[in-house]
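Numbering of ligands and ligand atoms starts at 1, following listing order. Computed from a prediction, not measured in an experiment: that's the story for all the values here.
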Amino acid sequence: MDERDSCRVLIATQNTGKVREFRRLLSGIPTEFVGLGELEKVEAPEEDGATFLENAVIKARYYSRHFGEFALADDSGLVVDALDGAPGVRSARYGGDGLTDLDRLHLLLENLRDVPADERTARFECAVVVIDPADDKDFLHSLGTVEGRIIFEPRGVNGFGYDPIFVPLGETRTTAEMSADEKDALSHRGRAIRAIAPALSNLVSNP
Ligand code: ITT
C-alpha cells in the first residue's frame, strides 16, 4: 500500500444512485474516493443483518477486507408504518429477485392500495459505516432518517429507487421532483453523511 492508497476511501456500494449521492455529499472531504466500478469486479456480500447498521457493517467490513482499503458503506431503505415496517432492510429485495426499482415501487403502491392518505406515513433510514482495514472492530458509524409519506402515483424523475413515491414531511414534492441539492439537504443519506463527516475528515487526515 503506498502513501496515496493509505488514505483513499472506497465508496462500497453497487448502487449507482447511491454512488452519485455520495460523490456529492463527500466532495468537501480532502481525500480520494474510489467507486467499486473503478476496481476489479467483486460479488456482493450477503446482507443477513437484522438492522440497517448491521448490514452496513457487513458491507463495509467485506469490501475493506477484500481490497485492503478504507471502505464507506451504506445500508438504507424505506420503512412504511402501514406495512409493519416493510420493506425496511429488504428494500432492495422487496418482491424477490428479478424485479426492477420500478417494479418494486409499483408493488409497494399495490400493497398500500386500500390505505388512506393519513395512514401512509413512512421514513427513509440510512446507516453509514466507515471501516479501517487495519482495525475493523473500531469503526465510524452514523444514522440518518427523513420522515414523510407515500403518495398514490409516482411523480418525478430525479433520484432513484422509491424516490418518486416519497414526499418528505412538510413538503409537497417527492424527492424525485427535487434537485440534487434539495434532496441532499433533507435526505436520510445527507443527514448520515453530515453527522460522520468531521470524524471521517479526521480519519483520512491522520490514517
Ligand atoms: P448496496 O448494498 O451495494 O449498497 P443496494 O441497492 O442493494 O446497494 P441497500 O441494500 O442498502 O442497497 O438497499 C437500499 C434500497 O432502498 C435501494 O435499492 C433503494 O431501493 C432504497 N433506497 C435507499 N435509499 C434511497 C433513496 O435515497 N431514494 C430512494 N430509494 C432509496
Side-chain angles (χ1 to χ4, degrees), residues 10-25 33 35-37 39 41-64 66-67 71-80 83 85-109 122-131 141 143-151 154-168 171 173-193:
L10 302 181
I11 301 179
T13 174
Q14 313 258 3
N15 181 318
T16 53
K18 287 188 191 177
V19 174
R20 270 198 308 276
E21 294 193 2
F22 277 130
R23 288 210 179 277
R24 297 196 302 258
L25 291 163
F33 289 96
L36 290 179
L39 302 172
K41 203 166 163 40
V42 40
E43 190 98 358
E46 191 183 346
E47 296 177 32
D48 54 7
T51 63
F52 293 113
L53 183 58
E54 281 176 23
N55 280 337
V57 172
I58 288 171
K59 289 187 265 193
R61 184 166 282 153
Y62 172 87
Y63 290 108
S64 163
H66 183 87
F67 291 106
L72 179 152
D74 143 327
D75 197 63
S76 48
L78 186 59
V79 175
V80 180
L83 299 177
V89 291
R90 299 191 48 81
S91 291
R93 291 159 283 166
Y94 191 49
D97 290 338
L99 299 193
T100 64
D101 275 6
L102 200 60
D103 295 333
R104 281 188 282 272
L105 171 163
H106 282 290
L107 174 64
L108 190 86
L109 288 182
R123 64 207 55 79
F124 271 123
E125 294 186 20
C126 173
V128 170
V129 167
V130 179
I131 282 191
H141 70 278
L143 304 174
T145 301
V146 54
E147 296 287 339
R149 63 193 162 86
I150 306 297
I151 56 171
R155 291 197 323 244
V157 295
N158 300 331
F160 63 97
Y162 299 95
D163 279 328
I165 57 170
F166 181 80
V167 173
E171 300 285 334
R173 290 171 302 159
T174 67
T175 36
E177 293 176 298
M178 296 181 178
S179 69
D181 284 350
E182 287 172 320
K183 180 180 173 188
D184 290 349
L186 53 71
S187 79
H188 50 319
R189 189 164 296 103
R191 288 176 174 161
I193 287 292

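When hydrogens are left out, the protein atom nearest atom 23 (C) of ligand 1 is Ser76 OG, 3.2 Å; that is the closest non-hydrogen contact. For atom 29 (C) of ligand 1, the nearest non-hydrogen atom of the protein is Phe160 O, 2.9 Å. In terms of protein heavy-atom proximity, atom 24 (N) of ligand 1 is closest to Arg189 NH2, 2.9 Å. With hydrogens left out, the protein atom closest to atom 13 (O) of ligand 1 is Ala92 CB, 3.3 Å, a heavy atom. Nearest non-hydrogen protein atom to atom 8 (O) of ligand 1 is Asn15 CB, 3.5 Å. Looking at atom 16 (O) of ligand 1, its nearest protein heavy atom turns out to be Ser91 CB, 3.3 Å. Among all non-hydrogen protein atoms, the one lying nearest atom 2 (O) of ligand 1 is Lys59 NZ, 2.7 Å. Protein heavy atom closest to atom 30 (N) of ligand 1, with residue, atom name and distance, is Tyr162 N, 3.1 Å.
Looking at Arg123, Arg189, Arg191 one by one, the single match for side chain to side chain contact (heavy atoms under 4.5 Å, CB included) with Val146 turns out to be Arg191. In summary, of the residues considered (Glu171, Glu182, Arg155), a side chain to side chain contact (heavy atoms under 4.5 Å, CB included) with Glu177 occurs for Arg155 alone.
Taking a 4.0 Å cut-off on heavy atoms, Arg104 fails to register as neighbouring ligand 1. Using a 4.0 Å heavy-atom cutoff, Leu78 is absent from the residues neighbouring ligand 1.
Considering every non-hydrogen atom in both Gly161 and Leu105, the closest pair reads O-CD1, 3.7 Å. The two residues Val89 and Phe52 have their closest heavy-atom pair at CG1-N, 3.7 Å.
Atoms of ligand 1 found under 4.0 Å from any heavy atom of Gln14 (numbered from 1 in listed order, with element): 1 (P), 3 (O). Those atoms of ligand 1 with a heavy atom of Glu47 less than 4.0 angstrom away are 2 (O), 10 (O). For ligand 1, the atoms sitting less than 4.0 Å from at least one non-hydrogen atom of Asp75 are 9 (P), 10 (O), 11 (O), numbered in the order shown with element in parentheses. Residue Gly161 has at least one heavy-atom neighbour below 4.0 Å for each of these atoms of ligand 1: 20 (O), 29 (C), 30 (N). Close approach to Lys183 involves these atoms of ligand 1, each under 4.0 Å from a residue heavy atom: 26 (C), 27 (O), 28 (N). Ligand-side atoms of ligand 1 in range of Thr13: 1 (P), 3 (O), 4 (O), 8 (O), range being under 4.0 angstrom from any heavy atom. Heavy-atom proximity to Gly77, at under 4.0 Å, picks out these atoms of ligand 1: 16 (O).
Here the OG1 atom belonging to Thr174 is positioned 8.0 Å from the CG atom belonging to Asn158, to the nearest 0.5 angstrom.
Thr13 places no side-chain N or O within donor-acceptor distance of the main-chain N or O of Ala73, the cut-off being under 3.5 Å.
Using a cutoff of 4.0 Å between basic side-chain nitrogens and carboxylate oxygens, Asp163 and Lys183 are scored as salt-bridged.
Nearest residue to atom 11 (O) of ligand 1 from Glu125, Lys18, Glu21, Arg90 is Lys18 (criterion: closest heavy atom).
For His141, the NE2 atom counts as loosely surrounded, since its 6.0 Å shell holds 12 or fewer non-hydrogen atoms of other residues, nucleotides or ligands.
At a 4.0 Å heavy-atom cut-off, ligand 1 does not touch Phe166 at all.
Residues Asp75 and Lys59 are in side-chain contact: their nearest non-hydrogen atoms beyond the backbone lie under 4.5 Å apart. Between Ile131 and Tyr63, every side-chain heavy-atom pair lies at or beyond the 4.5 Å cut-off.
In this structure, the side-chain contact (heavy atoms from CB on, under 4.5 Å) partners of Glu54, at least two apart in sequence or on a different chain, are Ala50, Thr51.
Considering backbone and side-chain N/O atoms, Asp101 never comes within less than 3.5 Å of an N/O atom of ligand 1.
Between Phe124 and Tyr162, the ring planes are tilted. Angles from 30° to 60° get that label.
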